[in-house]
Structure formats: structure tokens, C-alpha cells
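Input: a single structure, listed below in C-alpha cells.
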Amino acid sequence: MEVRVRYAPSPTGLQHIGGIRTALFNYFFARSFGGKFVLRVEDTDRTRYSDEALDDLYGTLDWLGIRWDEGPVVGGPYGPYIQSERYEIYRKYAQQLIDKGMAYYCFCSSERLDDLRREQEDSHSSQQGYDRHCRNLSKEEIQAYLDKGIKPVVRLKVPEEGSTTFHDVLMGDITRENKDISPDPILLKSDGFPTYHLANVIDDHLMHITHILRAQEWIPSGPLHVILYNAFGWEPPVYCHLPMVMGNDGHKLSKRHGSTSVRDFRDKGYLPEAIINYVTLVGWSLDGEKQFFSKYELEKVFSIEKINKAPGVFDYKKLDWFNGQYIREKDDKELAGLLIPYLDRENLLDGMSEDEKLNRVIAIVPLVKDRLKVLSDVCDIARFIFKDPGTPEAKMLCAKGHTPQQELKALEMAYPIIKAGLLEGKADAAIEEELCELAPKLGIKVNGVFMPIRASVTGSQVSPPLFDSIRALGYDDAFKRMERGLEVLGSTSAC
Ligand code: GLU
Ligand code: ZN
């Protein structure tokens with residue numbers, strides 16, 4: 001039997017990191033068996049649907065390099081794969097259930113249902129939900145309602161007695177008393193549109209889905225779906241509900257913890273390799289040891305037996321670490337290509353041709369590569385190279401505990417040493433040693449010698465290694481900025 005799985009998101013918001021983990025698990029599971037990964041768009045809730053969310057779904061999977069074998073755009077033998085294009089199918093199958101006596105028309109008005117809900121609340125009744133008022137209407141009663149032009153909903157007959165069990169690969173048997181299952185949920189709304197339960201079950205069946213890997217929050221729907229499969233006389237697929245993705249405080253991952261949409265991560269400059277690798281490790285591991293996996297490897301080694309039963313914790317720091325590792329694996333040219341959009345976004349490369357951009361950015365890659373957690377960090381690290389930080393404030397030029405007078409003297413002595421040293425092509429270490437020797441002579445700390453140089457050149461008290469920074473900027477500009485630093489310090493009395 002061919003393994004067929006699906007990712008079935010509702011396009012109501014941006015792709016969430018937890019949703020993408022579900023997609024990845026499905027994708028890798030399918031690949032590991034040489035099976036099919038189906039994408040299905042569950043867009044029957046038209047009030048929450050958004051075009052942006054649908055674009056984001058396609059864009060995100062594309063960016064991650066996750067291709068679906070069947071689904072929207074690519075098609076397939078069991079399409080259409082967008083639920084809003086399948087309404088006729090759902091109506092036909094709902095009718096089938098009515099004909100079999102497994103579902104029925106309900107004509108209750110929303111007023112009646114509201115009253116019912118209020119009564120149940122007021123009396124703290126143990127009976128919650130629909131009271132099955134229309135479950136046993138006679139043919140004549142039904143016809144009378146229809147003749148009046150009242151549009152019914154279709155409800156599922158949930159058995160009143162007994163219990164329903166379904167098996168979950170990770171959780172084992174899950175059993176619920178039928179009396180505790182939502183009494184006769186709506187399958188087809190009065191406008192003829194299906195609810196999630198009906199559309200989901202019909203599609204999984206018609207699309208020959210063999211395994212359902214989805215978030216644990218769908219467990220409560222499990223018994224209902226099994227009842228639906230039974231009502232149709234269909235075999236339910238194998239279930240594997242995936243443990244939640246949590247923040248480090250034990251709560252479900254949400255905006256409170258940080259970015260949750262893949263688009264946010266992408267904008268900040270996380271690499272798809274890092275997202276795929278790390279997100280797959282949230283709740284799955286091969287042997288508890290190996291950490292680095294390419295997509296290609298995961299397609300081979302992924303298995304649901306190794307999914308953790310406990311919720312997975314999403315650790316932002318760990319993702320940063322993975323991202324840094326993948327950044328450092330890039331060769332300079334490829335990394336430059338990835339950095340350019342971020343520098344462009346902050347107008348740091350304005351006025352350059354594409355070739356110039358590439359050459360300039362390749363030249364700074366060695367300076368930034370080891371320091372990037374995310375690609376967008378390049379702007380803060382390398383801004384001084386592409387944009388004059390402007391005349392610095394005296395305070396910026398002074399190391400902690402040093403006066404402008406001390407720093408002026410330091411820079412006056414350091415500047416000629418650096419300038420001569422660099423122009424003569426002396427080794428960095430040799431120049432550095434000379435500069436260090438200034439400190440005891442001036443009665444200041446070594447930091448006091450370097451700070452006015454660094455801050456003049458970069459406009460910041462923290463920067464990549466000083467000499468590399470100067471070279472990346474170019475000697476002429478660097479010298480001019482140091483001279484400007486001298487002027488600032490010369491005309492300042494106190495910080
Ligand atoms: N459309 C549902 C969702 O948004 C699908 C749930 C399922 O996989 O059955 O997650
Ligand atoms: Zn009713």
C-alpha cells in the first residue's frame with residue numbers, strides 16, 4: 001500500500017512554526033516511504049479566509065523547498081485540492097448519510113438554539129449542546145418545513161449509547177463515551193457549505209490518505225471523525241497526533257514568546273536549512289545525539305516511531321545557533337547574495353550596480369560571517385562601511401572612565417602610528433603592539449587607546465576586529481574619520 005499523507009491548513013493566517021512542523025513531519029514521513037505528500041487547502045470557513053494567507057502558504061513551502069506531489073497548482077488524480085471547489089462533493093455525500101439514516105435535517109432556528117443554550121447555562125444542566133430536537137422528524141414534518149422554505153442544516157447522528165475508540169500511533173487507544181461527544185454536530189450548514197468535520201473526512205477518504213499526522217489539538221475531533229467514517233462505511237486512516245510545540249515556559253508557542261510565523265523568521269534572515277533542521281528536532285530525534293540534518297537526509301531517516309510523546313520546546317536561542325552554523329557553511333559569494341537584500345532594505349547599497357553590490361558585499365563577508373546570527377544582523381555590523389555614521393559625539397569616543405582630554409592625547413599619538421603602519425604594510429599584530437605600549441605611557445587603559453579609533457571609524461563602541469574594519473571601509477575614509485574624531489575631542493571639555 002502506498003503511503004499517502006496530507007498537510008491540510010486553513011488559510012486564515014500566516015504559516016505558524018507549529019503548522020510548518022506538521023507539514024515537515026508529513027513530508028518527511030511520505031518521502032521516507034517513497035509515498036505521496038498531498039497539500040489540501042481547507043478554506044471552507046469563508047469568514048476567516050484570506051488571500052494573503054494562501055499566498056503565504058505557497059510561498060513558505062516554496063521557500064523551504066517542500067514540494068507537494070498533489071495539490072493546488074500541481075493538480076493530481078483526486079483534485080480539486082481546494083475545498084471551496086468541492087462543495088458539490090460534500091453535498092452529495094451528506095445526502096448519502098441522510099439516505100442511510102446516519103444524518104438528518106435540522107430546521108431549528110438560531111433563536112431556538114440560542115434559547116436552548118441560555119437555558120442550559122442558567123440551569124447548569126449537564127446536557128450541553130444541541131438537544132436532538134429534529135432527530136426523529138417524520139417525512140411529513142420534514143416536507144412541511146421544506147415547503148415553508150426553511151433551509152435546514154444537516155446533522156450527524158452520534159450514537160447515544162456506547163463509546164467510540166480510535167487508535168493513535170503515539171498515544172495508543174483513545175476512547176470516549178458517545179454521550180460525551182458533541183450531540184449531533186452540523187455537517188452541512190443551511191447555505192449548503194460543509195463544516196470542517198464533513199469536508200475533512202470526505203477528502204481524506206477520497207484522496208486515499210493512509211496516515212493522518214496532525215496537531216494534538218485535533219484529538220477531540222478524533223472520535224467524531226471515526227463515527228463519520230463508520231457512518232459512511234469507510235475505513236479510517238492511521239492517526240498520529242503530534243505533541244504540541246511550546247515556548248520555554250510550558251505554554252503553547254505564541255507571539256508572547258517571539259516570532260511565530262515563518263515569514264517573520266524569513267524576514268529576519270533565518271535560512272530555510274536552519275528552520276527545517278531545527279523545527280524537525282522539536283519533538284523528533286534520530287538517536288538523541290545527531291543534530292545536523294539536511295532536508296535530503298531527513299527524507300531518508302525520518303520515522304514516526306521516533307517522535308517524542310512529550311511536548312516539544314521551541315528554543316529561539318537554539319535556532320539562532322543552528323542558523324549561525326548554516327550561515328558559516330555558505331561560501332562567501334552565496335552568502336553575499338543572501339545578504340544583499342537586507343542591506344538593500346536599509347538603503348545601504350544605494351547607487352551601486354548589481355555587480356558592484358556583489359563585489360562590495362563579498363569583500364565584507366569575511367568580516368561579518370562569524371558574527372551573524374541572522375542575515376539581517378549584517379546591517380548593524382557593517383553599516384559603517386556603507387554609510388558615514390556622521391560626526392560622533394565626544395561621549396562615544398571615550399572609553400569608560402576616560403576623559404576627552406585623555407582620549408584626545410591617545411588618538412593624537414595613535415593616529416600616526418596606525419596610519420604609517422597600515423600604509424607601510426606592517427602586520428596588524430605589530431601595529432597593535434605599538435598601540436598597546438601607548439597605554440602605560442599615557443597612564444590609561446589599553447581600551448582607552450583603542451576606543452577613540454574604533455568609535456571614530458565605525459561610529460560605534462562595538463565593532464568587528466578593528467583592522468579588518470578599517471580595511472573594509474578603505475584607508476582614505478578611515479583616516480578621514482579618525483581626523484574627525486580628533487576634531488571632536490579637541491573641541492570638547494567634558495563628556
Ligand atoms: N484545516 C485543519 C487545520 O487547519 C486541518 C486539521 C487536520 O489536519 O485534520 O489545521
Ligand atoms: Zn433541530
Side-chain angles (χ1 to χ4, degrees), residues 4-27 29 37-46 48-50 53-54 56-57 71 81-84 86 98 103-117 129-138 141-142 144-146 150-157 166 168 183-190 194-205 207 209-226 228-229 236-242 244-245 252:
R4 292 176 56 85
V5 294
R6 69 350 183 238
Y7 178 48
S10 300
T12 56
L14 299 179
Q15 284 297 299
H16 186 278
I17 215 78
I20 277 304
R21 190 191 64 162
T22 300
L24 290 172
F25 280 16
N26 274 286
Y27 172 80
F29 180 68
F37 173 65
V38 178
L39 180 65
R40 182 171 76 227
V41 174
E42 301 210 329
D43 60 343
T44 55
D45 183 351
R46 300 310 288 177
R48 294 178 59 221
Y49 170 83
S50 99
L54 188 61
D56 180 69
L57 166 66
Y81 293 88
I82 298 184
Q83 288 190 327
S84 59
R86 299 171 62 81
I98 293 175
Y104 61 93
Y105 285 135
C106 162
F107 295 92
C108 291
S109 64
S110 51
E111 289 78 29
R112 178 175 185 276
L113 296 174
D114 285 346
D115 287 347
L116 179 65
R117 196 173 313 124
Y130 183 57
D131 60 358
R132 298 179 157 138
H133 178 264
C134 304
R135 183 153 162 157
N136 297 307
L137 295 179
S138 66
E141 284 170 308
I142 291 173
Y145 278 120
L146 291 175
I150 301 178
K151 290 221 155 42
V153 300
V154 175
R155 289 184 184 272
L156 175 68
K157 269 190 198 167
F166 73 97
D168 183 276
D184 300 1
I186 296 175
L187 299 177
L188 208 60
K189 295 182 258 185
S190 56
T195 57
Y196 156 73
H197 302 297
L198 182 71
N200 185 271
V201 163
I202 291 177
D203 287 349
D204 283 338
H205 175 74
M207 294 176 185
I209 299 303
T210 57
H211 296 73
I212 293 189
L213 278 60
R214 66 179 170 199
Q216 245 176 32
E217 64 200 67
W218 296 100
I219 286 182
S221 299
L224 201 63
H225 290 192
V226 170
L228 256 174
Y229 280 103
V238 175
Y239 288 100
C240 176
H241 286 92
L242 307 172
M244 272 192 353
V245 179
K252 190 177 167 186

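Numbering starts at 1 and runs along the sequence shown. When a ligand or atom number is given, it counts from 1 through the structure's own listing order.
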task: Could you please compute the angle at the Zn ion (ligand 2) from SG of C134 to SG of C108, rounded to 10°?
output: 100°
- prompt: Are Y7 and ligand 1 in contact, using a heavy-atom cut-off of under 4.0 Å?
  reply: no
message: P9 and side-chain contact (heavy atoms from CB on, under 4.5 Å): which single residue from V41, D56, L39 fits?
response: L39
- request: Using a strict 4.0 Å cut-off to heavy atoms of E42, name the atoms of ligand 1 that fall inside it.
  value: 1 (N), 2 (C), 5 (C)
query: Does C106 bring an N, O or S atom to within less than 2.8 Å of the Zn ion (ligand 2)?
result: yes
Shortest protein contact, atom 8 (O) of ligand 1 (heavy atom only): R6 NH1, 2.6 Å
message: Counting non-hydrogen protein atoms only, what is the nearest one to atom 3 (C) of ligand 1? Give residue, atom name and distance.
response: W218 CZ2, 3.5 Å
query: Are the side chain of Y7 and the backbone of F37 linked by a donor-acceptor contact shorter than 3.5 Å?
result: no
task: Apply the side-chain contact (heavy atoms from CB on, under 4.5 Å) test between R214 and each candidate in N200, N26, V5; give the one that qualifies.
output: N200
- prompt: Is there a donor-acceptor contact under 3.5 Å from the side chain of S84 to the main chain of D43?
  reply: no
query: Any idea which of S221, G13, A8 brings a heavy atom closest to atom 5 (C) of ligand 1?
result: A8
- prompt: Does R48 CZ have over 12 foreign heavy atoms under 6.0 Å away?
  reply: no
query: Is it the side chain, the backbone, both or neither of N200 that has a heavy atom closer than 4.0 Å to ligand 1?
result: side chain
Axial cation check for Y130 ring with R155, 6.0 Å and 45° limits: yes
